[in-house]
Amino acid sequence: MPSFPFQIAARDGAARTGTLTTRRGDIRTPAFMPVGTAATVKAMMPESVAETGADILLGNTYHLMLRPGAERIDRLGGLHRFMNWDRPILTDSGGFQVMSLASLRKLTEDGVTFASHIDGSRHHLTPERSMEIQRLLGSDIVMAFDECPALPATDDQVAASMRLSMRWAQRSRDAFGDRSGHALFGIMQGGINRELREESAEALRSIGFDGYAIGGLAVGEGQAAMFDVLDYAPGLLPDDQPRYLMGVGKPDDIVGAVQRGVDMMDCVLPSRSGRTGQAWTARGQVNIKNARHADDPRPLDESCTCPACSRYSRAYLHHVFRAGEMISGMLLTWHNLHYYQQLMAGLRGAIAGARLDDFVAVFHAEREKGDI
Ligand SMILES: Nc1cc(CSc2ncc[nH]2)c2nc(N)[nH]c(=O)c2c1
Ligand SMILES: [Zn+2]
């Protein structure tokens with residue numbers, strides 16, 4: 001019995017819809033996972049995140065090991081109690097954030113040493129330490145410790161990096177042990193090289209995981225190159241287990257990834273862009289700070305039922321952003337996360353109803369209408 005039963009209820013082409021059952025609740029797939037980097041989805045109360053329809057959120061090994069510390073969170077009862085979120089949490093394994101945030105980094109076969117971006121303190125992260133930190137946090141879905149090569153990279157560099165990640169995947173599996181009720185996901189690497197992606201998928205399958213992530217994408221390759229990889233990469237992974245595409249993405253990235261067989265995604269975009277005044281709607285993006293909204297009494301999105309759209313005008317949202325009021329980021333983050341979850345619910349329903357192609361056609365047509 002897998003530690004996390006994944007039941008696929010319906011398929012439409014390569015797309016699937018189903019349920020990933022965890023001891024802290026069910027995850028409806030395809031799923032979008034909001035990012036709660038430092039034990040909070042920024043500008044949101046956890047109850048509000050749940051109200052948007054999120055079944056699971058993400059935490060970050062890198063940030064939490066630096067502040068407040070994994071042992072401290074463990075002493076305080078674990079990450080769920082600490083941040084008042086009792087549904088599933090997936091934590092990233094830390095290597096990706098080290099390479100993108102830390103300084104004075106040194107990468108060896110054993111792991112990575114780095115200086116904290118917060119206070120410059122020195123740290124050493126290995127597959128074994130990453131598994132221990134994610135255990136201390138109480139994460140429901142643990143990510144293997146991997147290395148995501150920065151672009152541009154030659155095929156040789158991508159191959160060497162992927163093979164290191166596969167050795168780290170084995171060490172992650174060995175260190176994770178057999179923790180029932182908790183899942184360990186492997187992470188496929190290999191850049192945009194099909195042979196390397198096939199080698200990585202084969203290595204992960206032979207180690208054996210509870211789910212499989214597609215890493216090494218959404219790192220600047222562009223949507224066309226990402227979709228070219230997604231045209232074959234999900235199919236290299238076990239058909240009956242969850243597929244998680246890391247760090248994706250804009251609404252049209254998500255739709256294209258779901259069409260190609262991805263079950264889970266995460267991205268800081270809806271929350272981060274919400275704090276800067278960027279609203280995502282069915283008609284496309286609205287920058288609420290634009291002067292044209294100053295006297296507009298209409299809601300941001302007439303069809304949206306979120307608090308920002310049902311209780312406030314564009315003029316108000318424009319004002320509080322221009323005035324730098326805290327409520328501005330709260331309202332637009334809430335709207336964006338609500339919109340993302342509505343999109344996921346629409347995709348799940350369309351797949352269940354064997355009408356995904358129609359859903360996607362309407363999705364793109366709406367964005368062409370403009371005048372938002
Ligand atoms: N694009 C991208 C994004 C992330 C961060 S996903 C995330 N962590 C915390 C929030 N969200 C990745 N993480 C890992 N471990 N490996 C990757 O290849 C990778 C690629
Ligand atoms: Zn709204």
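Every value quoted in this text rests on a predicted model; they were computed, and no experiment measured them. Residues take their numbers from the sequence shown, with the count starting at 1.
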Worked check of side chain to side chain contact (heavy atoms under 4.5 Å, CB included) between Leu317 and His293: CA-CA 9 Å; Leu317 295 172; His293 303 296; over 6 Å; no
Decide yes or no on side chain to side chain contact (heavy atoms under 4.5 Å, CB included) for Leu337 and Val41, but give the supporting numbers first. CA-CA 10 Å; Leu337 291 177; Val41 177; 3.9 Å; yes
Stepwise side chain to side chain contact (heavy atoms under 4.5 Å, CB included) check, Arg260 with Phe227: CA-CA 8 Å; Arg260 292 167 172 82; Phe227 282 171; 3.6 Å; yes
Working note: His124 + Asp110, criterion side chain to side chain contact (heavy atoms under 4.5 Å, CB included); need CA distance, chi angles, decisive distance, verdict. CA-CA 9 Å; His124 184 48; Asp110 188 44; 2.8 Å; yes
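Under the 4.5 Å side-chain heavy-atom criterion for ILVMFWY residues, a single connected hydrophobic cluster contains both Leu164 and Ile207. Cluster membership for Phe96 and Leu245, using ILVMFWY side-chain heavy atoms within less than 4.5 angstrom, is not shared. Trp334 and Tyr312 sit in two unconnected hydrophobic clusters of ILVMFWY residues. Membership requires side-chain heavy atoms under 4.5 Å apart, directly or through other members. Criterion: ILVMFWY side-chain heavy atoms under 4.5 Å apart, direct or through other members. Under it, Ile192 and Val158 are part of a common hydrophobic cluster. Under a hydrophobic clustering in which Ile, Leu, Val, Met, Phe, Trp and Tyr are joined whenever their side-chain heavy atoms come within less than 4.5 Å, directly or via other members, Phe32 and Met226 fall into the same cluster.
Inter-residue side-chain proximity for Thr29 and Phe6 is flagged as met; some heavy-atom pair is nearer than 4.5 Å. Side-chain contact between Glu147 and Ser161 is present, with at least one heavy-atom pair separated by less than 4.5 Å. Counting heavy atoms from C-beta outward, Ile327 and Tyr316 have side chains that approach closer than 4.5 Å. Within the 4.5 Å cutoff, no side-chain heavy atoms of Leu343 are placed close to those of Trp280. Inter-residue side-chain proximity for Met264 and Leu20 is flagged as met; some heavy-atom pair is nearer than 4.5 Å. A heavy-atom distance below 4.5 Å is not found between the side chains of Asn193 and Met162. Between Leu217 and Leu230, the closest side-chain pair of non-hydrogen atoms falls below 4.5 Å. Between Ile133 and Leu64, every side-chain heavy-atom pair lies at or beyond the 4.5 Å cut-off.
Between Phe114 and His123, the angle of the ring planes stays under 30°, which puts this pair in the parallel group of the 30/60° scheme.
In summary, of the residues considered (Asp140, Asp55, Asp86), a salt bridge (Lys or Arg N to Asp or Glu O under 4.0 Å) with Arg24 occurs for Asp140 alone. For the salt bridge (Lys or Arg N to Asp or Glu O under 4.0 Å) with Asp263, the lone residue among Arg11, Arg348, Arg16, Arg28 that qualifies is Arg16.
Side-chain atoms of Gln341 and Thr52 form no donor-acceptor pair, as typed in the model, at a separation below 3.5 Å. Residues Arg87 and His80 have side chains that never bring a donor and an acceptor to within less than 3.5 angstrom of each other. With no hydrogens or angles considered, a side-chain donor-acceptor pair links Tyr62 and His117 at under 3.5 Å. Judged purely by distance below 3.5 Å, without hydrogens or angles, the side chains of Tyr244 and Asp266 pair a donor atom with an acceptor atom. Donor-acceptor pairing under 3.5 Å is recorded for the side chains of Ser121 and Asp119. If you check the side chains of Ser130 and Gln134, you find a donor sitting under 3.5 Å from an acceptor.
Because its NZ or CZ atom is not both nearer than 6.0 Å to the ring centre of Tyr232 and within 45° of the ring axis, Arg197 does not count as a cation-pi partner of that residue. Note that Arg171 lies outside the cation-pi zone of Phe145, set by a 6.0 Å cut-off to the ring centre and a 45° limit from the axis.
Smallest separation of non-hydrogen atoms from Ile372 and Gln285: CD1-O, 3.1 Å. Between Ala175 and Met131, the shortest heavy-atom contact is CB-CG, 3.9 Å. Across all their heavy atoms, Arg322 and Lys289 have their closest contact at NH2-O, 3.0 Å.
No more than 12 heavy-atom neighbours from other residues, nucleotides or ligands sit within 6.0 angstrom of CD on Gln7. Other residues, nucleotides and ligands contribute at most 12 non-hydrogen atoms within 6.0 Å of the CZ atom of Arg272. Other residues, nucleotides and ligands place more than 12 heavy atoms under 6.0 Å from the CD atom of Glu109.
Without hydrogens or angle criteria, Arg283 side chain to Arg367 main chain gives no donor-acceptor distance under 3.5 Å.
For Glu71 and Arg75, the salt-bridge test fails: no basic side-chain N is under 4.0 Å from an acidic carboxylate O.
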